[in-house]
Each structure stands twice: as C-alpha cells, then as structure tokens.
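Note: hydrogens, waters and symmetry copies are ignored here, and every other heavy atom, side chains too, is used.
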Amino acid sequence: MPAIVLVGAQWGDEGKGKATDLLGGRVDYVVRYQGGNNAGHTVVIGDQKFALHLLPSGILTPSVVPVIGNGVVIDPAVLLQEMSALNERGIDTSKLVISANAHLITPYHVTLDKVTERFLGKAKIGTTGRGIGPAYSDKIARIGIRVQDLFDESILRQKVESALDGKNHVLVKVFNRRALDANAIADQLLEFAAVLGPYVADTALLLNRALDDDKVVLLEGGQGTLLDVDHGTYPFVTSSNPTAGGASTGSGIGPTRITGVVGILKAYTTRVGSGPFPTELLDENGEKLRTIGGERGVTTGRPRRCGWFDAPIARFATRVNGLTDIFLTKLDVLTGWEKIPVCVAYDVDGVRSDEIPMTQTEFHHAKPIYEYLPGWTEDISGARTLADLPANAQSYVRYLEEISGTRISAIGVGQDRDETIAIHDLLS
C-alpha cells in the first residue's frame with residue numbers, strides 16, 4: 001500500500017493541513033517527519049478551527065494513528081500543552097506515537113535562539129525564537145538530547161551538562177547573559193519522562209510494519225520547499241529538510257516505499273520572515289490578499305508577505321520533490337480581481353531567467369515577468385467539480401497546471417473541510 005508524501009511547494013503556509021485532513025478518512029497513519037513548533041497547520045471542521053503546531057493533522061481523525069517521526073525536534077512542554085488543549089475540545093490524543101529518536105528542544109535552545117536573533121540585528125534570519133535552529137545544530141554536532149534520554153537520568157544529566165559547558169561561555173561572554181543551571185534543566189526535562197513514556201516507540205519499525213500490512217501512510221512536512229535548508233533561499237530557511245527527501249530520513253521509511261508526492265501550492269504566494277520574494281506586493285493588492293486570505297502565521301501570528309503566483313518556484317518544487325500531484329489551495333481568495341498576474345519568469349539584471357537563478361545574489365535581484373489572466377467575480381465556494389467553476393477560474397487552473405509541469409489533482413475553494421474540488425485520486 002502507498003506511502004504518500006505531502007509537501008509545501010512554496011515557502012510554507014500553503015494549506016497542508018487541509019490536504020491531510022481531506023485524506024484522513026482513507027489513511028491509517030499520518031507522520032510528521034521534520035520541523036518543530038515553528039510550523040503550523042490550520043484545519044477547519046464545521047464551525048471549529050484547529051491550529052496544530054507539533055501534532056500531525058491526522059490527530060483530528062479518530063481512525064488515524066498520528067506519529068511524530070525521528071526527524072522532528074520536540075519541545076515537550078509545548079507538545080503536552082497542545083495535546084491538553086485538544087483533549088479539552090473533545091479530541092482524543094491517546095493514539096499519538098512519538099519516535100524515541102526525535103530530538104528535544106530544551107530551555108537553553110530557546111534562550112540561544114532569541115539572543116542570537118537579537119544580536120544579528122538587521123541581518124536577522126526571522127526565526128520564530130522557539131529554539132528549533134539551535135536544537136538541530138546540537139543534533140548535527142552530536143550533542144543533542146533525544147526523547148529516549150528522558151528514560152535514563154544518568155545519561156540525561158551528562159548530556160545536558162556537556163552541552164551547557166560550552167553554551168554558558170557563549171551566553172556569559174558573548175551575550176552578557178546569566179549562565180544556565182544544568183541540574184535545574186535536567187530536573188525540568190525529567191518531569192516529562194513519565195508523561196511521555198506511554199507514547200514513545202520505535203516509529204521506523206512501526207511504520208514499515210504498517211506498510212507490510214497494507215496500511216496507508218501519509219507523511220507530512222512542516223514549512224515548504226523554499227525553506228529547505230539545502231534547497232531553499234539559504235540562509236533564510238528553516239533548519240531541516242521539508243522537501244520529499246526529508247520524509248525518508250525523518251520517518252525511517254525507505255525512498256523506494258514512497259509511491260507519490262503531493263505538492264501543496266497556493267493560488268498565489270506567501271512567505272513569513274526575511275529573504276527574497278520576487279512577486280511580493282507592497283501595495284493595496286498585497287493587503288487585500290492578506291485580509292481575504294487570513295494571512296497570518298498559525299504559530300506566530302505574524303502577518304505573511306503576499307504576492308502573485310510564481311511559476312519558476314512551482315517548477316522548482318516539482319523537480320526537487322518529484323511531485324506527482326498538486327493540491328491547489330485558496331483559489332477562492334482570488335475572486336474579485338479583474339486581471340490576475342502570474343509570474344512566468346524573472347528579469348535578472350536585464351537577462352530573462354525562466355527558472356530560479358543559481359545564486360543568492362541573482363535571486364535577490366530577480367524581478368517578476370508577468371502574464372495576465374482574466375479574473376472572475378462569482379462565488380466559487382460551492383464548486384465541487386472543475387466544471388462548476390467560472391470559465392475564467394477554470395482557465396486559471398489549467399494555466400497553472402501547464403506552467404507548473406504537474407497535474408492539479410485537487411483544488412481548495414474555501415476554508416471548510418468539504419470546500420474542495422477533487423479531480424484525481426491522490427492515493428491512486
């Protein structure tokens with residue numbers, strides 16, 4: 001049975017939660033494979049809106065087993081708070097499974113994230129200040145704390161003390177901050193052991209056995225392709241690999257077991273944080289997109305930068321992820337424009353580039369080259385087939401499909417769970 005990857009094909013915030021939720025009833029496992037509580041999914045069910053940060057979107061579907069994979073970094077306090085909030089709203093979180101190999105975000109990671117970003121001033125990256133980057137740095141430096149370490153007090157204390165030995169020098173001598181107490185932090189982390197213990201498992205083994213048993217596994221990433229630490233707009237990126245390749249390393253499922261990759265694209269483009277954004281609108285159109293689309297970060301509440309659809313980015317995401325399908329979201333937000341610009345290429349210092357430029361400098365200099373498509377004024381939230389859309393909206397969808405290089409298999413025409421047009425089966 002299939003293992004399907006769901007990946008953001010822009011700078012994140014594309015509506016991955018809606019896509020996961022749409023498939024939820026036909027999926028057995030939903031796996032979050034990277035990132036931390038710097039990302040978020042919004043899912044609307046009826047008159048209820050759920051903002052998820054660490055928990056996989058499948059947590060909202062009773063038949064699904066939600067899994068936090070080894071590639072995720074977990075702030076245990078945030079995770080327990082999120083689970084408690086859902087429990088209070090009648091959502092059962094008891095089926096959650098957490099990888100023993102996932103790394104923990106500690107209080108010193110959060111402290112370092114915040115002071116470092118302030119220290120950078122105008123050169124700041126635009127992190128959420130939640131400790132994600134420092135936690136991944138420690139993982140790569142092999143001084144990280146893993147979930148399994150919570151269950152061996154001696155090892156946990158040794159690891160925290162070793163990590164703080166160097167970090168306290170930085171905090172005191174570089175940032176003029178007070179040194180942190182290793183024992184106090186270890187004590188704080190140990191308090192989570194008993195609570196999290198029942199949820200912890202060898203998730204790679206669990207998921208591979210599930211596939212052997214003909215179960216359907218959906219792998220969802222946080223953020224998006226252009227925020228990938230290897231393939232994104234470096235250094236204005238996240239600290240992990242949200243691209244489809246990260247789904248294998250972040251879950252323990254081999255790449256040959258993945259049968260499809262669904263890219264989530266907004267009908268326009270947004271990003272949060274610093275970095276290049278060729279189609280960004282700093283006028284009334286940008287504000288109109290932000291207002292109608294409710295464009296504020298799920299996790300941070302920060303207003304998102306808004307711009308028109310960018311075809312070079314869509315083509316890049318198709319190549320890097322090996323997209324088999326596109327789920328186009330928020331088409332309804334574009335209702336009301338007489339003409340809708342679509343960026344088909346860039347002007348880079350007088351030279352046309354049909355693809356994303358190779359260097360950071362060139363991408364910063366890129367100016368969009370637009371084609372203009374006729375808009376529509378009809379309410380499309382009730383459309384359930386492509387033929388239900390106004391002719392101009394159908395033409396817009398077909399044009400995006402053509403210039404993106406991947407078939408559009410589903411279209412979001414509103415916030416609610418059922419406000420979706422299904423064209424092709426995403427699990428076929």
Any donor and acceptor pair, going by atom type alone, linking the side chain of [X] with main-chain N or O of [Y] inside 3.5 Å?
X: Asp181; Y: Asn183; result: yes
X: Ser404; Y: Thr406; result: no
X: Asn208; Y: Ala204; result: yes
X: Asn392; Y: Gly375; result: yes
X: Lys95; Y: Pro62; result: yes
X: Thr279; Y: Trp308; result: yes
X: Arg271; Y: Ser274; result: yes
X: Arg32; Y: Gly36; result: yes
X: Asp138; Y: Gly144; result: no
X: Ser248; Y: Ile253; result: yes

So for atom [atom1], which belongs to [X], do other residues, nucleotides or ligands contribute more than 12 heavy atoms lying within a distance under 6.0 Å?
X: Arg209; atom1: CZ; answer: no
X: Arg178; atom1: CZ; answer: no
X: Asp212; atom1: CG; answer: yes

Once rounded to the nearest 0.5 Å, what's the spacing between atom [atom1] of [X] and atom [atom2] of [Y]?
X: Glu82; Y: Leu96; atom1: CD; atom2: CG; value: 9.5 Å
X: Phe277; Y: Leu282; atom1: CZ; atom2: CG; value: 9.5 Å
X: Tyr268; Y: Cys306; atom1: OH; atom2: SG; value: 6.0 Å
X: Tyr396; Y: Glu401; atom1: OH; atom2: CD; value: 13.5 Å
X: Ile340; Y: Ser395; atom1: CD1; atom2: OG; value: 10.5 Å
X: Ser251; Y: Ile68; atom1: OG; atom2: CD1; value: 14.0 Å

So [Y] and [X], do their side chains get closer than 4.5 Å, heavy atoms only?
X: Thr225; Y: Val7; result: yes
X: Thr420; Y: Ile411; result: no
X: Tyr29; Y: Leu207; result: yes
X: Val272; Y: Trp11; result: no
X: Asp230; Y: Asn241; result: yes
X: Tyr33; Y: Thr203; result: no
X: Thr106; Y: Val160; result: no
X: Asp149; Y: Leu189; result: no

If you measure from the Lys or Arg side-chain nitrogens to the Asp or Glu carboxylate oxygens, is any gap between [X] and [Y] under 4.0 Å?
X: Asp75; Y: Arg130; result: no
X: Arg305; Y: Glu280; result: yes
X: Asp152; Y: Lys159; result: no
X: Glu295; Y: Arg290; result: no
X: Arg157; Y: Glu153; result: yes

Applying the side-chain contact (heavy atoms from CB on, under 4.5 Å) criterion to Leu60, which one of Val30, Asp92, Leu55, Leu52 satisfies it?
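So the option named by the test is Leu52.
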If you look at every heavy atom in [X] and [Y], which pair is closest and at what distance?
X: Leu389; Y: Ala383; value: CD2-CB, 3.8 Å
X: Pro76; Y: Ile105; value: CD-O, 3.7 Å
X: Val147; Y: Val200; value: CG1-CG2, 3.6 Å
X: Asn70; Y: Gly252; value: OD1-N, 3.8 Å
X: Asp113; Y: Gly131; value: OD2-N, 2.8 Å
X: Ala244; Y: Val261; value: CB-CG1, 3.9 Å

Worked check of side chain to side chain contact (heavy atoms under 4.5 Å, CB included) between Leu281 and Leu289
CA-CA 9 Å; Leu281 296 167; Leu289 284 173; 3.9 Å; yes
Looking just at side-chain N and O atoms, do [X] and [Y] make a donor-acceptor pair shorter than 3.5 Å?
X: Gln158; Y: Ser154; value: yes
X: Thr243; Y: Asp228; value: yes
X: Thr335; Y: Asp332; value: no
X: Thr93; Y: Asn87; value: yes
X: His424; Y: Asp325; value: no
X: Asn168; Y: Arg177; value: no
X: Trp337; Y: Asn285; value: yes

Using the side chain to side chain contact (heavy atoms under 4.5 Å, CB included) rule, take Ile145 and Tyr108 through it: C-alpha gap first, then chi angles, then the decisive distance, then the call.
CA-CA 12 Å; Ile145 311 294; Tyr108 53 80; 3.6 Å; yes
Passes side chain to side chain contact (heavy atoms under 4.5 Å, CB included), Leu6 versus Leu219? Steps please.
CA-CA 6 Å; Leu6 206 64; Leu219 302 139; over 6 Å; no
Quick one: do Glu220 and Val31 satisfy side chain to side chain contact (heavy atoms under 4.5 Å, CB included)? Show the steps, please.
CA-CA 6 Å; Glu220 65 172 8; Val31 186; over 6 Å; no
